[in-house]
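Single-structure report; data block below.
Residue numbers start at 1 and run along the sequence shown. Because the structure is a prediction, the values reported are computed rather than measured.
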Amino acid sequence: MTEPDLRLRAVVPAPPKVVYEALTDPAALRVWLTEHAEVDLPGTYEFWGRSTPDGAEPHQRVLHVDERTLRFAWTVEAVEVTVQFELADDPGGTLVTLSQSDLPSVAEMLADAAGARGAMSSYWSLSIANLADYLDGRELTPKCDFTS
C-alpha cells in the first residue's frame with residue numbers, strides 16, 4: 001500500500017483472533033459496520049447499506065488477506081481507494097491500525113466537491129469506535145445515514 005492519506009489507530013479489548021473474526025464475520029459486520037455484508041475470504045469482502053458512503057451496492061475487492069491484515073480496494077463514486085486493517089498484539093488487547101489512500105483534499109471538501117469520499121474520515125472513526133464497543137459488549141454509537 002502506498003503512503004495512506006488516513007491512518008487511525010485504536011487498542012480494542014480483545015485478542016487479535018477475536019478482532020479478526022469481528023472484521024471478517026458477516027453477522028458481526030452487520031452489527032458494528034453496516035446493514036449488509038458478504039464475506040467469503042480470500043475472494044469476497046463486501047459491505048453496503050445506508051450507513052456506508054456510496055453504499056447502494058457493494059464496491060469492494062480483496063487485495064490481500066492473512067491472519068493479521070485485510071486490504072481491499074473500494075470504489076467510492078468512481079474513485080478507487082485502498083483500505084487496510086492491520087492487527088498487532090497489545091497489552092490492552094489488539095492494536096488495530098486502519099489506513100486509507102486517496103482521500104479528497106481539504107480544498108475539495110471545502111468546495112463541497114468531495115462527495116462520499118469527503119465523509120470517509122468520519123465513517124472510519126465511527127466504525128473503529130463501534131468495533132471497540134462491539135468487542136467490549138457496550139452499546140454502539142448510532143451509525144450515520146449516508147443516503148441523504
Side-chain angles (χ1 to χ4, degrees), residues 1-12 14 16-88 90 93-135 139-148:
M1 180 171 177
T2 61
E3 189 62 30
D5 294 331
L6 172 69
R7 179 172 284 135
L8 300 173
R9 293 178 145 176
V11 175
V12 297
K17 181 177 178 168
V18 173
V19 177
Y20 183 83
E21 289 171 10
L23 291 172
T24 59
D25 176 61
L29 289 168
R30 288 188 287 267
V31 173
W32 67 266
L33 184 66
T34 192
E35 296 83 7
H36 307 284
E38 290 183 17
V39 179
D40 186 13
L41 294 172
T44 303
Y45 189 81
E46 299 177 331
F47 54 91
W48 68 100
R50 296 176 66 87
S51 61
T52 303
D54 195 19
E57 58 189 45
H59 299 285
Q60 298 83 19
R61 177 175 49 86
V62 176
L63 299 174
H64 173 81
V65 63
D66 61 34
E67 63 278 349
R68 296 284 180 125
T69 306
L70 172 62
R71 184 179 325 116
F72 56 92
W74 180 4
T75 302
V76 181
E77 293 183 332
V79 176
E80 185 172 272
V81 304
T82 301
V83 177
Q84 179 169 289
F85 285 98
E86 292 176 277
L87 308 179
D90 186 272
T94 302
L95 174 64
V96 177
T97 302
L98 177 131
S99 305
Q100 182 185 319
S101 69
D102 299 300
L103 285 179
S105 69
V106 173
E108 288 175 297
M109 288 190 276
L110 290 175
D112 202 23
R117 286 186 312 123
M120 297 302 281
S121 294
S122 298
Y123 173 73
W124 285 125
S125 296
L126 174 60
S127 296
I128 294 297
N130 274 343
L131 172 64
D133 288 342
Y134 170 78
L135 291 166
E139 184 176 342
L140 303 184
T141 300
K143 298 175 187 92
C144 295
D145 183 343
F146 289 100
T147 59
S148 57

Does the [X] side chain pair with the main chain of [Y], one donor and one acceptor, at a distance under 3.5 Å?
X: N130; Y: L140; value: no
X: R9; Y: L95; value: no
X: E35; Y: R50; value: yes
X: Q84; Y: T69; value: no
X: E38; Y: T44; value: no
X: S127; Y: L33; value: no
X: S101; Y: T82; value: yes

Between atom [atom1] of [X] and atom [atom2] of [Y], what is the distance when rounded to the nearest 0.5 Å?
X: H59; Y: W74; atom1: NE2; atom2: CH2; answer: 9.0 Å
X: L8; Y: W124; atom1: CG; atom2: CH2; answer: 9.5 Å
X: D145; Y: T52; atom1: CG; atom2: OG1; answer: 10.5 Å
X: Q100; Y: D5; atom1: CD; atom2: CG; answer: 7.5 Å
X: F72; Y: E80; atom1: CZ; atom2: CD; answer: 11.5 Å
X: D133; Y: I128; atom1: CG; atom2: CD1; answer: 11.5 Å

Which atom names give the shortest non-hydrogen contact between [X] and [Y], and what distance separates them?
X: L135; Y: A22; value: CD2-CB, 4.0 Å
X: A37; Y: P26; value: O-CB, 3.6 Å
X: S121; Y: L6; value: OG-CD1, 4.0 Å
X: Y134; Y: A28; value: OH-CB, 3.3 Å
X: E46; Y: P58; value: CB-CB, 3.6 Å
X: P42; Y: V65; value: CB-CG1, 3.8 Å

Quick check on R68: does its CZ atom have over 12 non-hydrogen neighbours (other residues, nucleotides or ligands) under 6.0 Å away? yes

Check the orientation of H36 and W48. Use parallel for under 30°, tilted for 30 to 60°, and perpendicular for over 60°.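 H36 and W48: parallel rings.
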
Please report whether the ring centroid of F85 lies less than 6.0 Å from that of Y45.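 No, they do not, as the ring centres are separated by 6.0 Å or more.
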
Going by side-chain contact (heavy atoms from CB on, under 4.5 Å), name the residues that satisfy it together with E21, two or more places apart in sequence or in a different chain.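 E21: side-chain contact (heavy atoms from CB on, under 4.5 Å) contacts with K17.
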
For the residue pair L23 and W32, establish whether any side-chain heavy-atom pair is separated by less than 4.5 Å.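 Counting from C-beta outward, L23 and W32 do come under 4.5 Å.
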
